[in-house]
Amino acid sequence: MKQLSLRAKLYILIMTVLIPLLILQLVNLLTRYETAMENELQASKDYADTLSISFTHHFQYLWNAELAIGNHLINSKYSFTPEDIDKYLRQFLNLHPVIREFSWISPDGQVIANTYSNTAKNTQDSDYYQHIISGEEIYISDLYTTNSGELSIASARGIKRNGNLVGIIVAYIDIDKIGMLLPSQKRNDTVSFGLIDSQGKIIYQNTNLGLTIEQRDIPEDSPAWLSLQGQPVTSQDYNGQGRIGASVPINGFGWAAFTTTSVNEVLEGARADTNRDIIVLMLIGIIITLVYGLLIGDHFLKPLMRLQKAALAISKGDLTARANLEGNDELATTGKIFDQMADRIQHLEVSRTRFLQTAAHELRNPMAGIKGILSLILRRFQTGKPLTDMTNMFEIMEREIDRLSDLLNQILEAFRTQRENGMLTLDLKRVNLLDIIDSAMKPFQISKSCKLITDSNIDKTIWILGDFIRLEEVFRNLLSNAIKYSPDDSEVFVTVQVEEDHALVTVQDHGIGIPKEQLEGIFECFYRASNLEKRDPGGMGLGLYICKEIIDSHVGSIWAESEEGVGSTFYVKLPLY
Amino acid sequence: MARILIIEDEPTINMILREVLTDEGYEVDTAPEGRSGLNILRGNSNFNLVIADLRMPDLSGKAVVEAMRSDANLKDIPVIIITGAVPDSDEFPAPESYQATFGKPFDLMDILAKVEELV
């Protein structure tokens, strides 16, 4: 995951949204399956019922026909020879294609006439004879094998005259043609339907006409057994071979009608629908991913790239590079912080350069002075001039060397504070500004040369985030300057004001002031106002520079207003915490 | 005798130059910074040479030289610049407007030689 680009991660993220949707689709699929199966069960049952009804109806027709034939044969008006009956029966073979043969049997079981030339003369053993003899009017046999090896079922009807059995008419059914008696429902190509006799043998099955009698047994666990006992059955796993179906009893026959369909076929529709939905989902998902990935990716990546570019430029030495990100989100905030950091670095770099230049320059003067005096003395010595004013010369040289030494100390001091400030090693804590000012003023309150008046209209605590010691340094510096450059009896005012988000401290004196054109430069290194004594060793010129560095590090501002001869006011603004 | 004006805000250097040039017999006047130096020049244009520092609080050496070159009376007076500034920096006036430059600390004899040459 770490190796991937941000954009790739974004794509993956968006894609994961698709996962619950896909899961929904799968759940949907299962629901669709359930519905499809239930619908199929119902349809199967309805169809099986139709099969049953239709079959029964057709057989009614057959039985009626048998009755008519039989009655005709026993009509006393006619006297039929077996050949006559033969011929008569043959006429009716075309009655229905389902009928293969007819035979006319006497009450004692003798075959009087039939439409097949076979000589099965005695049918007493046959079960249809037994049933008719025992009083049933109509009987339909189960599947059996004829003498000639064909499979058949027999439909027998007892013909009575005045309540006495006079003859039995038997129609032999071509089981393969039974399909004609059954309505077919081409719902799909896998539908199988048919009839089962009371022994559990498949009399007819549309999908398998050529079964041997052994192959016609229904399995022991077939649901059709229940139907053979009179109960309609539906099953989602009809025969353990992935088929769903129903079987219903054919009333009055002890048989059952069944129909099954391939489960796959049933579910195919649901699957196709779901596949379609999933494909649409994926397509939409991919399009959305690409579009959003691009848009949102750009939205995040552009600022990031700008930040990257700026950072790269700075690391290559261009300190003016900035990210310039707009907005309020975390990226924009990072950009702003980055720019602030770059500002700081640039500022440090610039001031360090300027500082070094100034320092170098400042050192040259005392050195030039010392060298100059020595050259002067040497020249006078060499040209025979009198060496006058030597004491003064030596004293000057001494002072210049002191000056050099002082400057070196200041430079070292400046480097120490500058390095520390540059590295922002401030000990930032939540501190009370009033405590800091109080502490800064302490040494000056004892001195009688100045009076300090604090004027503040707020109560005891003003919380800021700052380094107590450093801030104390700043205020002490300002106070020290104010007192130093004021007449002895004048007052120095220190005021503190609190605005919405910052505190403002002012240090006002009534001293000699600062010339207008120099006001901006007073916070630079080595500044010394021109109206000061040149030889004032206390005027280091480094103090205000350090003050500015410290205040800047506190994200505050320091500036001054002044009028020559009237006085100066120094302002320090610090953000509240 | 030749008259020289020294414009320099460092008192020690000011003194050294004044002493050594007076020893050589020149007439020397000094000014502690640019504005007063110009005033002196304008008041008396008989100076043969001006030695000026660049970094001075009020009016810089560059400004003084430029003012001199725009003044008909002063434009021909030769100028020697002594300074701690970096040679190519923009604290310098145009190269053709001054005759020589020495860095601090300077070799006193070199300056003397140049003074002799220009006067």
Side-chain angles (χ1 to χ4, degrees), chain A residues 353-354 356-390 392-404 407 514-518 521-522 526-536 541, chain B residues 6 8-26 28 30-37 51-61 63 80-92 101-116:
Chain A
T353 313
R354 216 171 338 131
L356 285 174
Q357 287 173 340
T358 320
H361 187 265
E362 284 293 300
L363 289 174
R364 290 181 198 273
N365 279 332
M367 286 204 292
I370 296 167
K371 179 173 173 155
I373 289 180
L374 288 173
S375 300
L376 180 62
I377 295 173
L378 193 57
R379 175 93 178 143
R380 286 184 171 170
F381 189 66
Q382 285 170 339
T383 55
K385 296 258 172 32
L387 298 175
T388 57
D389 217 10
M390 291 310 288
N392 191 26
M393 296 287 175
F394 289 137
E395 278 176 351
I396 292 175
M397 280 201 288
E398 251 192 335
R399 272 206 296 270
E400 291 298 321
I401 290 182
D402 283 341
R403 204 171 133 204
L404 258 181
L407 276 170
I514 303 165
K516 221 153 220 97
E517 53 272 16
Q518 295 170 21
I522 57 176
F526 295 114
Y527 165 78
R528 265 170 314 178
S530 59
N531 53 3
L532 290 179
E533 290 252 328
K534 272 288 143 173
R535 306 234 185 139
D536 174 15
Chain B
I6 302 172
E8 167 63 65
D9 64 329
E10 275 289 321
T12 313
I13 297 176
N14 211 320
M15 182 269 288
I16 291 162
L17 289 170
R18 189 188 61 224
E19 291 296 311
V20 79
L21 288 171
T22 311
D23 281 358
E24 292 300 304
Y26 297 104
V28 179
T30 68
E33 51 78 40
R35 205 178 291 279
S36 47
I51 303 178
D53 185 13
L54 282 183
R55 275 193 202 162
M56 290 185 288
D58 203 350
L59 205 61
S60 71
I80 294 178
I81 289 180
I82 48 171
T83 183
V86 176
D88 288 327
S89 84
D90 52 359
E91 290 177 77
F92 275 79
T101 176
F102 292 90
K104 292 180 188 172
F106 43 76
D107 190 307
L108 207 54
M109 297 303 114
D110 286 345
I111 293 190
L112 268 182
K114 184 58 81 173
V115 167
E116 248 185 66

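Below, each value reflects all heavy atoms present in this structure, side chains not excepted, and no hydrogens, waters or symmetry copies.
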Would you name the heavy atoms of [X] and [Y] that are closest together and state the gap between them?
X: A:Ile396; Y: B:Met15; result: CD1-CE, 3.4 Å
X: B:Ile13; Y: A:Asn365; result: CD1-OD1, 3.8 Å
X: B:Met109; Y: A:Ser375; result: CE-O, 4.4 Å
X: A:Gly369; Y: B:Thr12; result: CA-CG2, 3.8 Å
X: A:Ala368; Y: B:Pro105; result: CA-CB, 3.5 Å

### Query
Does A:Arg364 come within less than 4.0 Å of B:Glu10, counting only side-chain N to carboxylate O?
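Salt bridge: no.
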### Message
Taking side chain as everything from C-beta outward and backbone as N, CA, C, O, which of these in A:Met393 sits under 4.5 Å from a heavy atom of chain B? Side chain, backbone, both or neither.
### Response
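A:Met393 touches chain B through side-chain heavy atoms alone.
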### Task
Go through B:Met56, B:Glu33, B:Glu19 and name the one with the most non-hydrogen pairs under 4.5 angstrom from chain A.
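Ranked by contacts with chain A, first place is B:Glu19.
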### Task
Identify which of A:Lys385, A:Arg380, A:Glu400 forms the greatest number of heavy-atom pairs closer than 4.5 Å to chain B.
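Going by pairs under 4.5 Å, I would pick A:Arg380.
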### Query
Does any heavy atom of chain A fall under 4.5 Å from the side chain of B:Leu112, the backbone, both, or neither of them?
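The side chain, not the backbone.
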### Query
Out of curiosity, A:Leu374 CG to B:Ile16 CD1, how far, rounded to the nearest 0.5 Å?
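Here the rounded value is 8.5 Å.
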